[in-house]
Amino acid sequence: MKDRFYITTAIDYVNAKPHVGHAVEKIQADVLARWHRDVLKDDTYFLTGSDDNSLKNVQSAKKAGKPTEEFISENANSFQSLKELLNLSYDQFILTTEKRHFDGAQKFWSAFKKEDVYKKNYQGLYCVGCEEFKMEKDLIDGKKCPEHMTQCEVVDEENYFFKLSNYQKQLEKLIESDEIKVIPQHRKNEMLSFVKQGLEDFSISRSVKRAENWGVPVPGDEEQIMYVWVDALSNYITALDYFNEGELYKKYWLENENRVHVIGKGILRFHAIYWPAMLLSANVLVPTKILSHEYLTINGQKVSKTLGNIINPEEVVEKFGIDGARYVLLTSLPSLKDGDITWGRMTEKYNADLANGLGNLISRVIKLGEKLKTQPLKENPASVEVGKLLDEFQIDRALEYIWTFVREANKFIEDNKPWELAKNDEAKFGEVMEKLVQDLYLISELLVPFLPETAEKIKKALETKQIEPLFQRIK
Ligand SMILES: [Zn+2]
């Protein structure tokens, strides 16, 4: 049987159109999906979607003066249009307003062990931006959320609570033993120390009034709406038809060893702690891997609507093309720390690595190659190394590694000057060209998950011995 691989991205709030920060996560997940599907030939399923049930959406719709549903559906459409824009290969886009999601989320809630859920009166400070209750000690300037710089709401109401403390030992063991493998390591350590501090129960519902009657109703209680994170997280299984325990659910959740979530560091706690605890309570398998990425900043600042420094994915594609955009965004986000983008640096990177680096290599090899012999690619250890880096969620380093071959091949051309060999040493010319053609095959093979169209064009160029310029210098 083929290995199976199920990969998901975070589902974004659709209170605005997507920016580069959203885009880069989807491209990262796409690279892993393509690697498993197209290179390893695993039976792969790739899910993304939108979080429609957030209160943030309702408030933003009000501000925009539009009915919530219309507003959400417009923004969800722009998230869906990323598929074509960035050549994403996902299999499904789930909207959490869909009936199958409501049904699945309610089934999930109803499956929680009775002793894990209780009702109590609660007072707390809530950040709608985070959709999270905050501890007073974590706030700044009085009651402001440090992530959103907005005042937290004082909430005083009766809600359902989830007894997270019941799962403390189990979660510690699952994370410690890598049964739920959290990558990178320092994020794993962070989660472990959070668990070891002692877990506090968390609220899993809100009043219909506070929820503005938006979201998934709590089964059997008309007064309460599910806390948005509870329903949002369950999208990873409701999309697979958890409600009917359908084919997709069996195939990719139950009978599959690779249940992988790609998410940003800001929501790691929800994925590594709350989500597995609820799954355990509902007697459902937990994810096997959680890949946490850092953030993109723009000119040194957090990407933010309020700061007005947003770069849209459309603009990046317009300037660099689809594969160019994928490349500059992927290489801008290091695996272990935040990455900063500016138009200047993206242009430099594009020119150096794509126009001058890869583009130049391809055109030199093809132009010299009236005598090219195309060679099938032999076993290559390079793809083993790329695979290792991708397993460790080091996409930037995988690309750096591939670019060592691009640079070496360009240097090999300069050192051997095949245009001179062509005139005075035909045998040597043949050898040099054979190696270069092999190098290009190797590079095209390695690029399949990252720059899928480029990989295809290189192979075609090697076969037809014709090339249109792939990347042109940009000012
Ligand atoms: Zn916040």
Side-chain angles (χ1 to χ4, degrees), residues 9-22 24-25 50-64 68 71-72 75 79 96 122-157 159 161-162 164 187 190-191 194 197 199-207 210-212 214-215 225-233 235 261 263-275 290 292-298 300-310 338:
T9 69
I11 54 172
D12 300 300
Y13 297 131
V14 283
N15 62 328
K17 297 201 180 321
H19 57 63
V20 279
H22 301 111
V24 71
E25 174 183 293
S50 59
D51 182 350
D52 302 349
N53 298 326
S54 159
L55 198 53
K56 236 195 314 204
N57 298 337
V58 182
Q59 294 180 344
S60 302
K62 255 189 209 159
K63 251 187 229 158
T68 309
F71 178 80
I72 283 176
N75 283 327
F79 274 88
T96 57
Y122 184 73
Q123 289 150 333
L125 294 164
Y126 194 81
C127 172
V128 177
C130 295
E131 292 282 14
E132 190 181 15
F133 277 105
K134 298 284 182 185
M135 310 281 266
E136 197 129 22
K137 68 171 170 59
D138 296 329
L139 301 178
I140 51 173
D141 289 357
K143 287 170 187 167
K144 279 188 181 159
C145 163
E147 181 110 353
H148 291 95
M149 295 307 290
T150 48
Q151 204 79 28
C152 285
E153 243 178 75
V154 181
V155 172
D156 183 355
E157 62 183 33
N159 293 149
F161 274 73
F162 184 87
L164 194 58
R187 296 285 171 216
E190 222 175 78
M191 288 304 110
F194 181 77
Q197 269 172 35
L199 293 174
E200 275 180 46
D201 299 349
F202 69 104
S203 154
I204 50 170
S205 73
R206 47 190 168 202
S207 67
R210 183 157 66 90
E212 310 209 22
W214 188 255
I225 298 274
M226 279 188 203
Y227 173 41
V228 68
W229 270 103
V230 176
D231 96 72
L233 287 161
N235 94 88
H261 300 315
I263 46 130
K265 60 180 171 184
I267 55 174
L268 180 56
R269 202 187 291 172
F270 288 97
H271 284 78
I273 295 169
Y274 298 178
W275 170 230
I290 301 172
S292 164
H293 64 76
E294 303 291 302
Y295 289 155
L296 272 187
T297 57
I298 299 179
Q301 283 180 311
K302 188 176 147 53
V303 186
S304 129
K305 221 173 143 184
T306 349
L307 289 172
N309 66 346
I310 287 187
D338 287 349

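Atoms within a ligand are numbered from 1 in the order they appear, just like the ligands themselves.
The aromatic rings of H261 and H271 sit perpendicular, their planes meeting at an angle over 60°, well past the 30° parallel limit.
Here H19 pairs with H22 under the ring-ring contact (aromatic ring centres under 6.0 Å, His included) rule; sequence neighbours left out. In terms of the ring-ring contact (aromatic ring centres under 6.0 Å, His included) criterion, F71 has no residue partners (sequence neighbours excluded). In this structure F194 satisfies the ring-ring contact (aromatic ring centres under 6.0 Å, His included) test with no other residue, sequence neighbours excluded.
Listed for the D141 side chain is no donor-acceptor partner under 3.5 Å among the backbone atoms of P146.
With E131 as reference, R206 is the one residue of R206, K56, R210 to meet the salt bridge (Lys or Arg N to Asp or Glu O under 4.0 Å) rule.
Protein N/O/S atoms nearer than 2.8 Å to the Zn ion (ligand 1) total 4.
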